[in-house]
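Reading through the C-alpha cells given below for one structure.
Only this structure's heavy atoms are used, side chains among them; waters, hydrogens and symmetry mates stay out. Letters go in sequence order (proteins before strands), and every chain restarts at 1.
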Number of protein chains: 2
Amino acid sequence: MNPALPKVGRGSLERKGGVKLITRDTDYALRALCFMLGRKNEIVNVGDLVKELKIPKPFLRKILQILHKEGVLVAYKGRGGGFLLARSAESISLLGLMEIFQGKFRLNECLFKKVVCPNIKRCALKKKIDKIEQYVLKELRLVTIASLF
Amino acid sequence: MNPALPKVGRGSLERKGGVKLITRDTDYALRALCFMLGRKNEIVNVGDLVKELKIPKPFLRKILQILHKEGVLVAYKGRGGGFLLARSAESISLLGLMEIFQGKFRLNECLFKKVVCPNIKRCALKKKIDKIEQYVLKELRLVTIASLF
DNA sequence: GAGTAATGATACCACATCAGTATCATTTGT
DNA sequence: ACAAATGATACTGATGTGGTATCATTACTC
Ligand code: FES
Ligand code: FES
C-alpha cells in the first residue's frame, strides 16, 4: 500500500463532526457568569476571568460586551472597571444564553413543509418534533447559573 | 437620515439564523424514504422522486447514493434501475438518518471541560444535559418511517 | 492634565459546514 | 449500439464558528 492513503471521498457529504447544540460562545458565557456569581457584588474584569477560565482574552471581551448589551451584565468603564451581574442568578438560563449567541431555538421548522407530508394536517412527525422541542426548551430554561453554583 | 442605513454591527457575533437540529440532507432523505415506503416492492428512480418531492435532482441523487452505501437502500443500475428499501420501515429512524448525514448526536461534549466546573465530579450541569440528551435520543429513535406512514 | 487601565465598537481572518451543481464513468435493458 | 439509470468525484457560494486586531472612549490616579 502507498504510504499516502487515498481519501475515502463521498462528495461533500462526508460524515460531519457531529450535531452540536451549544457553541463555544454560549459555553464561555456560562462559565464566566458562574464565576462572577461566585464573586457576588464584586466587580470582575476581563483579566481576572482570563486568569481563572483560560479563555482567549479578546474573544471573552467580545462575549462580555454582548452580555452587557443584552442586559445580562452591568459594565463599568475606566480604571478599576469591569462587569457585574445585572440580573438575578435565577433569571439567567442556558436557554437565554443560547438565544443570545446562537439565535432562536427551534428544532422544528417543519420538515415536509407544505409539500409532501404523508399525512398532511394532523402531521405525526410535526407533533413528535414539537413534543421533543417543548421538553428541551423547558429543561434548558431550568438550567440557570443559580442552579449550577 | 441617510437613505443607506448603517449596519447595526456587533462584531462577528450577530444574532444567528437559529439553532437547527435537522439539516436538509436528513429532511430530504426522510421524505424520499417515506415516499418509497408507499410504493413498497416497486423500484423507484430519482426521476420519480424528483417529480413527487420537488427536490433538486443532483442533490437528491447524491443523498440516495449515500443511503445506498449505508445499507438503507438497495440500488439497481442500468435501464429500468432505481432504488428499493433495504431494511424494514421500523428499523429506519430519524436518528439513524441524522447520524448518517450529520454525524453522531451528542449535545453533551462536556461544557466546563476539565477546567472550571463549579462543582466538579458530581457535576449538576453535565447531569442535566445528559438527561436531556437521553430523552431526545430515545424520542428520535422512535420516529421511524413506519411510524410516519 | 497626562498617563494608564479598563470597556466600546468595528473590521478582519481561517476554517468548516450547508446546500447544492457539474462531470464523467459504469452498468444494463432494449 | 444506444439510452437510461446509478457510481464516483470535484467544485462552488453562502453562512456559521472561533477567533484576532485596532482604535475610540471613559474614568481613576498622580
Ligand atoms: S412536518 Fe409539516 S406537514 Fe408534516
Ligand atoms: S465537569 Fe464537565 S460539565 Fe462540569
Side-chain angles (χ1 to χ4, degrees), chain A residues 6-29 32 43-50 54-70 73-84 86 98 100-104 109, chain B residues 6-29 32 43-50 53-70 73-84 86 98 100-103 109:
Chain A
K7 305 224 168 182
V8 69
R10 41 132 115 178
S12 65
L13 283 182
E14 326 218 353
R15 191 172 269 103
K16 315 298 170 58
V19 179
K20 255 186 308 182
L21 193 60
I22 295 164
T23 57
R24 258 174 226 287
D25 311 319
T26 307
D27 180 355
Y28 289 167
I43 290 183
V44 179
N45 66 37
V46 180
D48 300 341
L49 285 163
V50 165
K54 288 135 192 235
I55 293 170
K57 184 165 180 173
F59 193 29
L60 183 55
R61 239 161 74 68
K62 188 166 56 168
I63 289 168
L64 294 177
Q65 283 177 20
I66 291 171
L67 288 174
H68 170 219
K69 270 193 223 168
E70 297 287 337
L73 293 177
V74 182
Y76 298 94
K77 294 179 75 172
R79 196 165 183 166
F83 298 92
L84 225 57
M98 289 175 67
I100 289 173
F101 293 101
Q102 300 171 235
K104 203 130 192 61
E109 193 68 29
Chain B
K7 304 223 170 185
V8 68
R10 39 134 113 180
S12 66
L13 282 183
E14 327 218 354
R15 190 173 269 102
K16 315 298 170 58
V19 179
K20 257 185 307 183
L21 193 61
I22 295 163
T23 57
R24 259 174 225 287
D25 311 319
T26 307
D27 180 355
Y28 289 168
I43 292 184
V44 180
N45 66 40
V46 180
D48 300 341
L49 285 163
V50 164
L53 303 175
K54 287 132 191 239
I55 293 170
K57 185 165 180 173
F59 193 27
L60 183 55
R61 238 161 75 67
K62 187 167 56 169
I63 289 169
L64 294 177
Q65 283 177 21
I66 291 171
L67 289 173
H68 171 220
K69 270 194 225 168
E70 297 287 338
L73 294 176
V74 182
Y76 299 94
K77 294 178 75 173
R79 196 163 182 169
F83 298 91
L84 224 56
M98 288 175 67
I100 289 173
F101 293 102
Q102 299 171 234
E109 193 67 31

Can you give me the N/O atom pairs linking the protein to nucleotides 23-27 of chain D at distances under 3.5 Å, or say none if there are none?
| unit_1 | atom_1 | unit_2 | atom_2 | d |
| --- | --- | --- | --- | --- |
| D:dT26 | O4' | A:Lys77 | NZ | 3.3 |
| D:dT26 | O2 | A:Gly78 | N | 3.4 |

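Residue A:His68 has its side chain nearest to C:dG8 when only D:dG7, C:dG8, C:dT21 are considered. In this structure, of C:dT7, C:dA22, D:dG19, it is D:dG19 that holds the atom nearest to the side chain of A:Pro56. Candidate nucleotides C:dA19, C:dG20, D:dA8 were compared by shortest atom distance to the side chain of B:Lys69, and D:dA8 ranks first. Checked against C:dA11, C:dG20, C:dT7, the side chain of A:Lys62 finds its nearest nucleotide in C:dA11.
Computed from coordinates, the B:Ile43 CD1 to C:dT28 C1' distance equals 12 Å when rounded to whole Å. For the pair B:Leu60 CG and D:dG7 P, the interatomic distance rounds to 12 Å; values are reported in whole Å. Whole-Å rounding puts the B:Asp48 CG to D:dA4 P distance at 14 Å. Regarding A:Asn45, its CG atom lies at a distance of 18 Å from the P atom of C:dT4, rounded to whole Å. Separating the CD1 atom of A:Ile66 from the C1' atom of C:dT10 is a distance of 12 Å, rounded to the nearest angstrom. Separating the CD1 atom of B:Ile63 from the P atom of D:dT9 is a distance of 18 Å, rounded to the nearest angstrom. When the C1' atom of C:dT21 is taken as reference, atom CZ of B:Phe59 falls 11 Å away, rounded to whole Å. We find that CD of A:Gln102 is positioned 19 Å from P of D:dT15, with the value rounded to whole Å.
Nucleic acid contact class of A:Gly82 (heavy atoms, under 4.0 Å, all strands): sugar-phosphate only.
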Legend entry - Chi angles and distances behind the side chain to side chain contact (heavy atoms under 4.5 Å, CB included) call for A:Asp27, A:Phe101: CA-CA 10 Å; A:Asp27 180 355; A:Phe101 293 101; over 6 Å; no
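Taking each heavy atom of B:Leu67 and B:Ala29 in turn, the nearest pair found is CD1-CB, 4.0 Å. Across all their heavy atoms, B:Ala86 and B:Val74 have their closest contact at CB-CG2, 3.5 Å.
The phosphate of C:dG20 (OP1 or OP2) has a side-chain N or O of B:Tyr28 nearer than 4.0 angstrom.
Under the side-chain contact (heavy atoms from CB on, under 4.5 Å) criterion, B:Lys77 pairs with no residue, sequence neighbours left out. Residues satisfying the side-chain contact (heavy atoms from CB on, under 4.5 Å) test with B:Ile55, not counting sequence neighbours, are B:Tyr28, B:Leu53, B:Leu60. In this structure B:Val44 satisfies the side-chain contact (heavy atoms from CB on, under 4.5 Å) test together with B:Phe35, B:Met36, B:Arg39, B:Asp48, B:Leu49, sequence neighbours excluded.
Where A:Lys57 and A:Gly80 meet DNA chain D, the nucleotide closest to each residue was compared, and A:Lys57 sits on the side nearer the 5' end.
A donor-acceptor pair under 3.5 Å is absent between the side-chain atoms of A:Gln102 and the main chain of A:Asp25, judged by distance alone.
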